[in-house]
Amino acid sequence: MALQSEHTFPRHSHDHFGMGVISQGAQRSWSLLGQIEAGPGDVIIVNPGEVHDGMPLQGARSWQMVYLEPELLWQELRMERSDADAVLKPLVRDNSLSHRLLQLFFALNQTKVEPGFLEETLLQCLMHLCHHHLLTLAFPPNMTPTIQRAKQY
């Protein structure tokens with residue numbers, strides 16, 4: 001998915017795992033770490049079920065994103081680590097990962113591309129994420145006041 005927008009997205013979640021790159025502009029969003037700001041070249045991650053929103057900072061922002069079935073990521077985690085019950089950081093500043101993701105997005109937009117290249121590039125991105133950008137479930141995520149009240153009840 002590629003999008004350019006000045007739209008402010010209310011808090012919501014996805015059933016899928018998503019990873020993408022901000023290509024232009026900047027945005028502020030809520031995440032399991034609280035408020036984060038992402039700009040050009042930053043990698044944005046959405047964990048399945050993670051509540052997040054998004055608002056532009058000073059005009060439109062553009063990003064590309066790929067969404068995957070969570071099982072694909074969890075399968076990679078089980079192969080790479082013993083603690084497969086982890087979530088990924090919602091904001092990553094990693095030039096190597098950003099470059100790999102941009103290669104993937106470029107290839108996805110080509111009319112002729114080798115499926116093996118797509119699979120290899122996607123797996124490289126997932127392996128890099130698993131090795132460098134994990135948070136364990138023991139990490140206490142920040143919750144909205146509404147969710148905190150619901151959990152107290």
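- Side-chain contact between W63 and V43: absent, with no pair of heavy atoms (C-beta onward) separated by less than 4.5 Å.
- Both M1 and V46 sit in one connected hydrophobic cluster of ILVMFWY residues. Membership requires side-chain heavy atoms under 4.5 Å apart, directly or through other members.
- Looking at Q27 and M55, their side chains never come closer than 4.5 Å, going by heavy atoms from C-beta outward.
- Considering CE of M127 and CG of L97, their distance stands at 12.5 Å, rounded to 0.5 Å.
- For the residue pair D94 / H132, no side-chain donor-acceptor distance below 3.5 Å is found, with atom types taken as modelled.
- Side chains of L3 and S62 form no contact here, defined as non-hydrogen atoms less than 4.5 Å apart.
- Residues L122 and L134 share a single hydrophobic cluster, defined by chaining ILVMFWY side chains whose heavy atoms lie under 4.5 Å apart.
- Taking the side chain as every heavy atom from C-beta outward, I44 and V21 never approach each other to under 4.5 Å.
- With Q124 contributing its side chain and T121 its backbone, the two residues share no donor-acceptor pair below 3.5 Å.
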>> For a side chain to side chain contact (heavy atoms under 4.5 Å, CB included) check, start with the C-alpha distance between L118 and V113, then their side-chain angles and the critical distance, and finish with the verdict.
In response: CA-CA 8 Å; L118 290 175; V113 64; 3.8 Å; yes
> How far apart are the C-alpha atoms of S29 and Q35, what are their side-chain angles, what is the distance that settles it, and do they pass the side chain to side chain contact (heavy atoms under 4.5 Å, CB included) test?
Replying inline: CA-CA 6 Å; S29 59; Q35 290 289 332; 5.8 Å; no
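- Taken from CZ in R61 to CZ in R28, the straight-line distance is 11.5 Å, to the nearest 0.5 Å.
- Ring geometry for F9 against H12 counts as tilted: the plane angle lies between 30° and 60°, on a 0 to 90° scale.
- Scanning both residues, G41 and S98, for their nearest heavy atoms gives O-OG, 3.1 Å.
- Annotation: side chain of Q24 is not in contact with side chain of P40 (no heavy-atom distance under 4.5 Å).
- At a cut-off of 3.5 Å, with distance as the only test, no side-chain donor of H52 or R11 sits close to an acceptor on the other residue.
- Between the OG atom in S23 and the CG atom in L102 there is a gap of 8.0 Å [rounded to 0.5 Å].
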> Does the side chain to side chain contact (heavy atoms under 4.5 Å, CB included) test come out yes or no for M19 and Y67, once each step is laid out?
Replying inline: CA-CA 7 Å; M19 60 181 168; Y67 290 96; over 6 Å; no
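- Judged by distance alone, with hydrogens and angles left aside, the side-chain atoms of D42 form no donor-acceptor pair with the main-chain N or O of R93 at under 3.5 Å.
- For the atom pair CG (L33) and NZ (K89), the distance works out to 9.0 Å, reported to the nearest 0.5 Å.
- Residues meeting the side chain to side chain contact (heavy atoms under 4.5 Å, CB included) test with A2, sequence neighbours left out: Q64.
- Evaluation of the ring-ring contact (aromatic ring centres under 6.0 Å, His included) test over residues 87-118, restricted to residues two or more places apart or in two chains, returns none.
- A distance of 7.0 Å separates CG in L129 from CG in L101, rounded to the nearest 0.5 Å.
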>> Go through it in stages, so that I can follow the logic: the residues are I45 and H133, the test is side chain to side chain contact (heavy atoms under 4.5 Å, CB included), and I'd like the CA-CA distance, side-chain angles, deciding distance and then a yes or no.
In response: CA-CA 10 Å; I45 305 293; H133 304 295; over 6 Å; no
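- Annotation for Q58: atom CD does not count as buried by contact number, only 12 or fewer foreign heavy atoms lying within 6.0 Å.
- Closest of all the heavy-atom pairs between P10 and D53 is C-CB, 3.7 Å.
- Looking at every heavy atom in both residues, H16 comes nearest to L68 through CB-O, 3.3 Å.
- The 12-atom threshold is exceeded at CE of M65, counting heavy atoms of other residues, nucleotides or ligands nearer than 6.0 Å.
- What you find for I22 and G39 is that their closest heavy atoms are CB-O, 3.2 Å.
- Here the CD1 atom belonging to I36 is positioned 10.5 Å from the CH2 atom belonging to W30, to the nearest 0.5 angstrom.
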